[in-house]
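Data block below; observations after.
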Amino acid sequence: MHNTICIGGIELGGTKTVFAIGNTAGTIFRKETVPTREPVSVIADACRFFKNDARAISALGVGAFGPVVIDRQAPDFGHLLETNKPGWSGFDLMGALAAGIGVPALLVTDVGAAAIAEARLGALRSVEIGIYLTVGTGIGGAIICNGELLPALLHPEMGHVALHRLPDDGASSTCSFHDDCAEGLVAGPAILARFGASLDHFAPASAQFDLVADYLGQLCSNLVLTLSPQRIVLGGGVGQAPGLTLAVQEAMVRKLGVYGPAATRQAGYVCPPALAQDAGVIGAVLCAVGSSEARTIVNI
Ligand SMILES: [Zn+2]
């Protein structure tokens with residue numbers, strides 16, 4: 001197996017970072033998880049992981065929390081923008097990895113990496129236009145077009161789309177910028193602030209569950225009206241609450257009314273991710289394999 005092409009992957013998350021070495025099919029040979037600390041420590045961990053392995057990697061895929069500049073033409077490509085994570089604001093992530101590891105590297109968002117994994121190996125296979133929506137500490141999304149991420153100026157910020165507040169909903173938004181965006185109304189911290197408990201403490205059809213499903217259904221309705229996807233994957237910690245995908249789909253269909261294509265009413269149109277926790281790092285590996293730049297780099 002000396003001719004196996006090995007690809008590195010890094011999933012840089014808000015609380016943990018995963019390093020992996022895999023192949024071009026997305027099979028992971030070895031991985032390691034470390035807590036996300038200040039940048040210097042995380043980069044040192046990455047260098048140790050990849051350099052202490054006998055398998056030389058040909059390319060590196062990175063799925064990073066945002067906001068991060070993913071436009072390769074931008075002068076600050078690979079830099080983190082303003083973030084509340086200590087030490088990361090303005091950090092030149094891709095520059096540091098290039099200096100420390102020294103292989104061609106591709107950058108997507110963490111949500112984008114998970115979406116790539118679902119597109120190649122999971123719930124968005126054989127879908128021309130699909131959306132991966134993650135609802136957890138925040139709400140993020142990625143758009144898949146024919147197996148690839150739709151190119152973007154920055155990256156989609158679907159969580160900050162404005163929604164119509166439900167009558168009598170006077171709860172404070174947890175988004176510091178918007179009073180009525182999806183993230184501020186029903187991401188994990190917003191649910192905790194509203195109800196004093198996470199969503200999995202509430203049964204489907206309870207008032208609390210219905211409120212969350214209604215807002216997420218409204219968000220999905222907006223995405224259907226804008227992008228006309230063939231499937232929406234609902235992931236993340238909140239997204240995993242039993243029964244939520246079905247309740248969100250039903251709310252979405254109600255909001256769409258006559259503008260909802262028949263496919264949006266079929267079972268599984270809004271569905272959970274097919275891959276487990278490794279989706280992010282598998283996607284990081286696969287994005288380096290799948291990009292045209294990396295195909296040239298690793299000659300596949
Ligand atoms: Zn917002």
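Ligands are counted one by one from 1 in listed order, and the atoms in each one are counted from 1 as well. Nothing here was measured: the structure is a model prediction, and the numbers come from that model.
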*With side chain to side chain donor-acceptor pair (under 3.5 Å) as the test, would you mind laying out the steps for Glu38 and Ser41 before giving the verdict?*
CA-CA 6 Å; Glu38 81 287 0; Ser41 299; 2.4 Å; yes
*How far apart are the C-alpha atoms of Val111 and Phe65, what are their side-chain angles, what is the distance that settles it, and do they pass the side chain to side chain contact (heavy atoms under 4.5 Å, CB included) test?*
CA-CA 8 Å; Val111 184; Phe65 62 75; over 6 Å; no
*Tyr132, Met158: one ILVMFWY side-chain cluster at the under-4.5 Å cut-off?*
no
*Sort by chain and number the protein N/O/S atoms found under 2.8 Å from the Zn ion (ligand 1).*
His160 ND1, Cys175 SG, His178 ND1, Cys181 SG
*Path from Phe19 to Val285 over hydrophobic side-chain contacts below 4.5 Å*: no
_Using 30° and 60° as the class boundaries, would you call the ring planes of His178 and His160 parallel, tilted or perpendicular?_
tilted
_Derivation of the side chain to side chain donor-acceptor pair (under 3.5 Å) call for Thr36 and Thr15_ = CA-CA 5 Å; Thr36 301; Thr15 55; over 6 Å; no
